Amino acid sequence: MENPLIALLRQRHSVPSRQLREPAPDAGQLQQMLQTAVHVPDHGRLAPWRFIELRDEGRRQLGQALADIFRREHTDATEAALEKESTRFSFAPLVVVVVGRITPGHKVPVIEQQLSAGCVCLQLLQAAHALGFAAQWLTGWAAYHPDIHATLGLSADEQVIGFVHIGTPAAEAVVRPRPDVAALLSRWPA
Ligand SMILES: Cc1cc2nc3c(=O)[nH]c(=O)nc-3n(C[C@H](O)[C@H](O)[C@H](O)COP(=O)(O)O)c2cc1C
């Protein structure tokens with residue numbers, strides 16, 4: 001019989017944010033998930049991450065900010081395109097923004113700080129899965145746009161590592177096949 005924790009880890013898969021609905025994790029469940037998420041390797045104990053919780057009003061306002069920026073930067077944008085931008089955060093009832101707090105010039109290279117923050121995102125996905133929710137880690141242009149950073153109150157050394165959309169699936173997700181690790185594994189020296 002497969003180890004139950006291994007089985008749980010292997011069952012995790014993303015559910016597209018547009019298919020996520022209520023119920024969302026409540027405050028206690030979110031705390032549990034975040035406690036799990038920070039159980040990651042962290043070179044230098046920099047804790048190079050923090051979280052922003054978006055629920056109803058936060059998701060609505062962020063969607064509106066996306067549409068406003070998109071309209072400004074694409075003067076020929078169609079109503080459908082603007083609608084797509086404004087609704088990006090309107091499906092999953094909870095979005096956790098994982099913010100990387102990067103210390104430039106530290107002996108721990110920037111990439112290692114970013115990798116630690118990436119581990120936080122994965123751990124958050126796994127914790128959501130363990131509690132019976134589904135999730136998807138998204139970035140998209142908004143994650144890299146300075147005006148979105150300003151909207152969310154990020155400082156100059158902070159970046160969006162992921163928008164982790166969390167909720168309950170409205171439909172059965174299509175589970176994608178995973179790579180064959182045997183083909184990825186070599187031994188050195190051969
Ligand atoms: C850093 C990062 C950013 C991602 N951003 C997007 C995105 O913007 N849009 C998207 O469709 N998928 C994005 N993905 C992929 C999804 O999170 C997810 O991996 C994909 O839907 C496949 O699901 P899986 O988790 O079951 O493999 C991103 C993944 C990573 C690691």
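Whatever order the structure lists them in is the order used to number ligands and atoms, beginning at 1. Count residues from 1 along the sequence. Just so it is clear, the model here is predicted, and its values are computed rather than measured.
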Taking distance alone, no hydrogens or angles, what donor-acceptor pairs closer than 3.5 Å link side-chain atoms of residues 161-185 to residues at least two apart or in another chain?
from: Thr168; atom 1: OG1; to: Pro23; atom 2: O; distance (Å): 2.6
from: Asp180; atom 1: OD1; to: Ala182; atom 2: N; distance (Å): 3.0

Query raised in the report: Just wondering, are more than 12 heavy atoms of other shown residues or ligands nearer than 6.0 Å to CZ in Arg10?
Result: no

Requested in this report: Return the protein residues near ligand 1 (heavy atom under 4.0 Å from any of its atoms), ordered by chain and residue number.
Outcome: Arg12, His13, Ser14, Gln136, Trp137, Leu138, Thr139, Gly140, Arg176, Arg178

Report task. Please list, chain by chain and in numerical order, all residues satisfying ring-ring contact (aromatic ring centres under 6.0 Å, His included) with Phe91, sequence neighbours excluded. Result -> none

Query raised in the report: Listed by chain and number, what are the ring-ring contact (aromatic ring centres under 6.0 Å, His included) partners of His43, not counting sequence neighbours?
Result: none

Report task. Quick one: pull up CG in Leu125 and CH2 in Trp137 and give me the separation to the nearest 0.5 Å. Result -> 7.0 Å

Requested in this report: On the 0 to 90° scale, with breaks at 30° and 60°, tag the Phe70-His74 ring pair as parallel, tilted or perpendicular.
Outcome: parallel

